[in-house]
Amino acid sequence: MRRRIVAGNWKMNKTAAEAAALVGELRPLVSDVSNVDVVVCPPFTALAAVAPALVGTNIELGAQNMHWEKSGAYTGEVSAEMLLTLGCRYVILGHSERRQYFHETNSEINKKVKAALAAGLTPILCVGETLEEREDGQTETIVKEHVTGGLLGLSPDQVGKVVIAYEPVWAIGTGKTATPDQAQAVHAFIRNVLKQISNSTIAETVRIQYGGSMKPENAKELMGKPDIDGGLIGGAALKADSFAAIVKAAV
Ligand code: 13P
């Protein structure tokens with residue numbers, strides 16, 4: 001049985017003070033949850049403010065991106081070690097907004113996945129098709145490219161350490177959720193791809209989150225599907241009660 005994982009991707013929202021206030025509200029709402037991994041991913045500038053508020057709680061810290069190099073002349077970037085030493089355990093990589101607006105490629109994302117694993121961070125690798133690609137019948141081709149490209153060169157054991165987030169781009173921030181059956185079909189497909197690049201035992205252990213307009217009203221039904229092991233939540237993660245309700249739906 002895979003342990004579910006619900007993560008909040010706060011994107012470019014919340015100052016350090018606002019972020020600390022949000023986790024302050026969230027803490028008591030999820031403190032009784034013991035069988036779900038709960039993660040918050042504030043912007044870089046709020047990590048140091050949020051980390052101390054999470055000590056001794058069941059909420060873990062994640063970041064939204066990182067660079068693959070350890071250090072050096074990469075203005076504006078941060079390294080895995082910088083995140084780790086701030087208390088991060090997770091890092092979101094290859095989010096569709098980074099692919100779309102910052103032109104991140106599968107090969108760059110692959111370098112990041114490898115650097116995160118080498119540092120001891122758990123990558124949350126985001127994959128997913130655009131509306132145009134879906135309508136063109138390209139969903140499986142694109143998702144396979146994202147998964148195999150992002151995980152290229154990883155040993156089966158390393159594949160087993162990654163969390164995948166299936167986020168159909170057309171469902172992100174649009175209010176349009178993939179139906180549970182649509183999402184399940186792609187999740188099962190992803191698990192099959194994982195089988196091909198590792199083995200069945202490992203593929204069965206990898207958590208695959210759904211992301212894209214997940215909210216308290218649809219979370220339970222989505223996570224009720226056999227290959228949907230949690231959620232990567234955008235908008236609904238910015239309100240403590242909504243995010244907590246989604247976490248409770250995963251219990
Ligand atoms: P929304 O939940 O706002 O659709 O965002 C999903 C997402 O992109 C999480 O990474």
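FYI, the numbering just counts along the sequence from 1.
- For Ser200, the side chain to side chain contact (heavy atoms under 4.5 Å, CB included) test picks out Lys195, with sequence neighbours left out.
- By the 4.0 Å N-to-carboxylate-O rule, Asp229 lies too far from Arg4 to be salt-bridged with it.
- Contact of the Pro123 side chain with the Leu117 side chain is registered, since non-hydrogen atoms from C-beta on lie closer than 4.5 Å.
- When the side chains of ILVMFWY residues are joined at heavy-atom separations under 4.5 Å, either directly or via intervening members, Ile246 and Val38 end up in a single hydrophobic cluster.
- The shortest distance between side-chain heavy atoms of Lys144 and Phe189 falls below 4.5 Å.
- Of the inter-residue distances, the one linking Arg99 atom CZ with Thr130 atom OG1 reads 12.0 Å to the nearest 0.5 angstrom.
- Of all heavy-atom pairs between Ala250 and Val6, the closest is CB-CG2, 3.8 Å.
- Distance check: His187 NE2 to Asn192 CG gives 14.5 Å after rounding to the nearest 0.5 Å.
- Looking at Lys220 and Val251, their side chains never come closer than 4.5 Å, going by heavy atoms from C-beta outward.
- Residues Glu25 and Lys239 are not paired through a salt bridge, judged by the lack of any N-O separation under 4.0 Å between the basic side chain and the carboxylate.
- Put simply, Val147 and Ile228 are part of the same group of oily side chains (I, L, V, M, F, W, Y) that touch within less than 4.5 Å, one to the next.
- When every heavy atom of Phe44 is checked against every heavy atom of Ala63, the shortest pair comes out as CE2-CB, 4.0 Å.
- Contact check for Leu54 versus Val40: side-chain heavy atoms found under the 4.5 Å cut-off.
- When each of Val50, Thr122, Leu121 is tested with Cys88 by the rule side-chain contact (heavy atoms from CB on, under 4.5 Å), just one qualifies, namely Leu121.
- Looking at heavy atoms from C-beta onward, Pro216 lies in side-chain contact with Ser242 at the 4.5 angstrom threshold.
- By the criterion of side-chain heavy atoms lying less than 4.5 angstrom apart, applied directly or through intervening Ile, Leu, Val, Met, Phe, Trp or Tyr residues, Leu194 is grouped together with Val113 in one hydrophobic cluster.
- Minimum interatomic distance between Val206 and Gly160 (heavy atoms only, all atoms of both residues): CG2-CA, 4.0 Å.
- Among all heavy-atom pairs drawn from Val169 and Ser96, the shortest one is CG2-CB, 3.7 Å.
- For the atom pair CD1 of Ile59 and OG of Ser31, the computed distance is 8.5 Å after rounding to the nearest 0.5 Å.
- Residue pairs meeting the side-chain hydrogen bond (donor to acceptor under 3.5 Å, both in side chains) criterion with at least one member in residues 205-216, sequence neighbours excluded, are Asp37-Arg207.
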Apply side chain to side chain contact (heavy atoms under 4.5 Å, CB included) to Asn9 and Ile233, showing your working.
CA-CA 6 Å; Asn9 173 9; Ile233 321 300; over 6 Å; no

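- Under a 3.5 Å cut-off, the side chain of Asn58 and the backbone N or O of Val33 do form a donor-acceptor pair.
- The shortest side-chain heavy-atom distance between Glu133 and Thr141 does not fall under the 4.5 Å cut-off.
- Here the NZ-CG distance, from Lys114 to Asn110, works out to 4.0 Å after rounding to the nearest 0.5 Å.
- The closest side-chain heavy-atom distance from Leu125 to Ile92 is not below 4.5 Å.
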Given the rule in the side-chain hydrogen bond (donor to acceptor under 3.5 Å, both in side chains) test, do His95 and Glu167 qualify, once you have shown the distances and angles that lead to the verdict? CA-CA 8 Å; His95 192 279; Glu167 300 207 306; 3.0 Å; yes

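- Paired with Ile164 under the rule side-chain contact (heavy atoms from CB on, under 4.5 Å), one option of Leu151, Val159, Val193, Leu232 passes, and it is Leu151.
- Side-chain atoms of Val78 and His67, non-hydrogen and from C-beta on, never get closer than 4.5 Å to each other.
- With rounding to the nearest 0.5 angstrom, the CD atom of Glu221 is 10.0 Å from the OG1 atom of Thr177.
- Side chain of Arg98 to backbone of Leu93: no donor-acceptor contact under 3.5 angstrom is found.
- Residues Lys111 and Glu69 are not paired through a salt bridge, judged by the lack of any N-O separation under 4.0 Å between the basic side chain and the carboxylate.
- No side-chain donor-acceptor contact under 3.5 Å links Gln100 to the backbone of Glu97.
- Shortest non-hydrogen contact noted between Leu61 and Gly87 is CB-O, 3.7 Å.
- Using a cutoff of 4.0 Å between basic side-chain nitrogens and carboxylate oxygens, Glu81 and Lys70 are not scored as salt-bridged.
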Could you walk me through whether Ile202 and Lys161 pass the side chain to side chain contact (heavy atoms under 4.5 Å, CB included) check?
CA-CA 9 Å; Ile202 295 282; Lys161 294 196 169 114; over 6 Å; no

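- Taking 4.0 Å as the cut-off between side-chain N and carboxylate O, Arg89 and Glu60 do not count as a salt-bridged pair.
- Linking Ile, Leu, Val, Met, Phe, Trp and Tyr residues whenever their side-chain heavy atoms come within less than 4.5 Å leaves Ile142 and Ile197 in two separate clusters.
- Taking all atoms of both residues into account, the shortest heavy-atom contact from Val91 to Met66 is CG2-CG, 3.8 Å.
- Under the side chain to side chain donor-acceptor pair (under 3.5 Å) criterion, Tyr166 pairs with Glu129, Arg134, sequence neighbours left out.
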Begin from the C-alpha positions of Asn65 and Lys112 and carry the test side chain to side chain contact (heavy atoms under 4.5 Å, CB included) through to its verdict. CA-CA 9 Å; Asn65 182 30; Lys112 295 182 181 197; 2.8 Å; yes

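- Remark: side-chain polar atoms of Glu108 are paired, donor with acceptor, to backbone N or O of Thr105 under 3.5 angstrom.
- Going from atom CD of Gln184 over to atom CE of Met223 covers 14.0 Å, rounded to the nearest 0.5 Å.
- With hydrogens and angles disregarded, a donor-acceptor distance shorter than 3.5 Å links the side chain of His146 to the backbone of Gly128.
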The test is side chain to side chain contact (heavy atoms under 4.5 Å, CB included); show your working for Val127 and Val186 and say whether it passes.
CA-CA 11 Å; Val127 305; Val186 181; over 6 Å; no

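- Side chain of Glu204 to main chain of Thr201: no donor-acceptor pair is present (N/O by atom type, distance under 3.5 Å, no hydrogens or angles).
- Hydrophobic clustering keeps Val30 apart from Val39 (ILVMFWY residues linked when any side-chain heavy atoms are closer than 4.5 Å, directly or through intermediates).
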